[in-house]
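So that the names make sense, note that chain A is the first sequence line, chain B the second, and so on, each numbered from 1.
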Protein chains: 2
Amino acid sequence: MSSSNFKHDLFSQFARVGKALSNANRLELLEFLAQGERSVDELATVSGLTVANTSQHLQQLRQVGLVSTRKEGLKVYYRISGEDVIELFQALRQVAERHVAEVERLVNTFLTVKDDLEPVPADELLQRCRDGLVTVLDVRPPEEYAAGHVPGAINIPLAELESHLDELDPQQEVVAYCRGPHCVLAFEAVETLRRKGRKARRLEDGYPEWKASGLPVEGTSNNE
Amino acid sequence: MSSSNFKHDLFSQFARVGKALSNANRLELLEFLAQGERSVDELATVSGLTVANTSQHLQQLRQVGLVSTRKEGLKVYYRISGEDVIELFQALRQVAERHVAEVERLVNTFLTVKDDLEPVPADELLQRCRDGLVTVLDVRPPEEYAAGHVPGAINIPLAELESHLDELDPQQEVVAYCRGPHCVLAFEAVETLRRKGRKARRLEDGYPEWKASGLPVEGTSNNE
DNA sequence: CTACTATTCAATTAATTACTTGAATAGTAG
DNA sequence: CTACTATTCAAGTAATTAATTGAATAGTAG
């Protein structure tokens, strides 16, 4: 094989990873998996896809090594293969945010209207946690919280937030986070809290990005 | 628009970037552009694609903002839009290297056979340069060298290496680099030098990765 | 103004992809 | 062993993508 055939073959393999990331449904599945391992049935439910379609997409992700599986009885559990996959997804999202005008338009139209304050960077949140100066609020579903969360975070899903305000120290600022930097739930949580007169901001990233950057996490059991 | 429609629309935009990276030819064009700006005609020549096909692929890269253009007379010059695009390409390549078995097989079959020593990390090379302990050899074509290179690097294209050995200090180890971590030319340069009794190793990355990580560069003029 | 150069556009063809639907497979409870 | 559950497979359909080919467009030299 010549040098240029080798190079083309190598880039074709790289392109397989790009191809795996070229469908919106697969990206969404990756974001769900970034919170912790899930079964096919669970993924179909949260994503709104049919089980067969979900399975097809997961096969493609598995074939390029972005996810891996384990079996337990009838169920097959999928998980992200490594932190490098989270970092790739993050890099792709950041490039899209910076260079795709439609991303900026969508974010401005649907997110910035809810919270136009600068989000809190992860290292700043870590320091303020250590100083005991903030309440960290995780608004993901309980099973995602159980799979891993920011140390000291309280888990109140968004739908229950208004009826659980008494769990939040009124003297402290709340920093809310969710599955990723564009998860609407974190924005809505901040909006709700501010409407109730609380000081609230968002964390810059979601839980997977926090974890991938090596910051401490609590609650992880089957995620090495 | 509902929250789930918003999320799907947002991920569709992210998927557009993935789609741009899902073709081997576009990835190769990105690697060429990572060395410095090129015209459509030049890119068609080095990639072996027709001009029309090259132009089509460049349109797709431009539409998601991975590359940008400037005109000079008849010619349109394309360039990488930002260092974040280089970092995305690097993240994609690293995920493929780690998780796609065929990548490992190709690399082992065609590269490791030429150089199975550990490559030199960028920060180590920087330190050794400052200590004056190595000769840095850039084996890319002269126009890519002119567009930017590692400070102090000598430019000897591979085809001319054997007839220019006298340009290399026999007392110093040579560290060779090229367009990227899998560029065959760097491997062949090391192989050639070792056959001539010289101490030689490869830099871990290519020039674009060196530059994207903020290390000092020489020779950049039209690249901000 | 004409002829040439460089690039992009548009239509066509072949290949690939996404989803659906029904069948097949593997594991388990009774 | 049978019936059920969870998942994957395979075939079909519609949409999308990649490359080719020829036309169109924009800029320039003479």
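Checking C/dT7, C/dG27, C/dT5 against the side-chain heavy atoms of B/Val40 singles out C/dT7 as nearest. Closest approach to the A/Ala52 side chain among D/dA18, D/dC9, C/dT7 is made by D/dC9 (side chain taken as heavy atoms from C-beta onward).
What separates CG of A/Leu58 from P of D/dA6 is a distance of 16 Å, to the nearest Å. Atom pair A/Gln56:CD and C/dT21:P shows a separation of 14 Å (rounding to whole Å applied). A straight line from OH of A/Tyr77 to P of C/dG27 spans 16 Å, rounded to a whole angstrom. Between the P atom of C/dA24 and the CG atom of A/Leu74 lies a distance of 20 Å, rounded to the nearest Å. Between the CD atom of B/Gln63 and the C1' atom of C/dC9 there is a distance of 12 Å, given to the nearest Å. With rounding to whole Å, A/Leu49 atom CG is found 14 Å from C/dT21 atom P. To the nearest angstrom, P of C/dT12 lies 19 Å from CG of B/Asn53. Remark: C1' of D/dT7 and CG of A/Asp41 are 10 Å apart, rounded to the nearest angstrom.
Annotation: side chain of A/Phe14 is not in contact with side chain of A/Arg16 (no heavy-atom distance under 4.5 Å).
Backbone-only contact: A/Gln60 has heavy atoms under 4.0 Å from sugar-phosphate atoms and none from a base. Using a 4.0 Å heavy-atom cutoff across all strands shown, A/Arg26 reaches sugar-phosphate atoms only and no base atom. Heavy atoms of A/Tyr78 sit under 4.0 angstrom from primed sugar atoms or phosphate atoms, though from no base atom. Contact annotation for B/Thr54: no contact, since no heavy-atom pair falls under 4.0 Å across all strands.
A salt bridge does not link B/Glu118 with B/Arg201: every distance from a Lys NZ or Arg NE/NH1/NH2 to an Asp or Glu carboxylate oxygen is 4.0 Å or more. At a threshold of 4.0 Å, the pair A/Glu209-A/Arg93 counts as salt-bridged, since one of the basic side-chain nitrogens sits closer than that to a carboxylate oxygen. The pair B/Arg26-B/Glu28 does not meet the salt-bridge criterion, since no charged nitrogen lies less than 4.0 angstrom from a carboxylate oxygen.
Of the residues near DNA chain C, B/Gln59 and A/Ser22, the one whose nearest nucleotide (by heavy atom distance) lies more toward the 5' end is B/Gln59. In terms of position on DNA chain C, the residue among A/Thr50 and A/Glu72 whose nearest nucleotide sits closer to the 5' end is A/Thr50.
Under the Watson-Crick or G-U wobble criterion, with both distances below 3.5 Å, C/dG30 is paired with D/dC1. Taking a pair to require two hydrogen-bonding distances under 3.5 Å in either a Watson-Crick or a G-U wobble arrangement, D/dA15 pairs with C/dT16. Pairing partner, C/dA24: D/dT7, with both Watson-Crick or wobble hydrogen-bond distances short of 3.5 Å.
Close to D/dT8, at under 4.0 Å from its OP1 or OP2, lies a side-chain N or O of A/Ser55. Regarding contacts with the backbone of D/dG27, every side-chain N or O of B/Lys75 stays at 4.0 angstrom or more from both OP1 and OP2. In this structure, B/His57 does not reach the D/dT17 phosphate: none of its side-chain N or O atoms is under 4.0 Å from OP1 or OP2. The side chain of B/Asn25 places an N or O atom within less than 4.0 Å of a non-bridging phosphate oxygen (OP1 or OP2) of D/dA19. Listed pair B/Lys19 / D/dT17 meets the phosphate criterion, a side-chain N or O lying under 4.0 Å from OP1 or OP2.
Geometrically, B/Arg140 does not engage B/Tyr145 in a cation-pi contact, judged by NZ or CZ lying under 6.0 Å from the ring centre and within 45° of the ring axis.
The closest donor-acceptor contact from the side chain of A/Ser22 to the backbone of B/Lys19 lies at 3.5 Å or more, if one exists at all.
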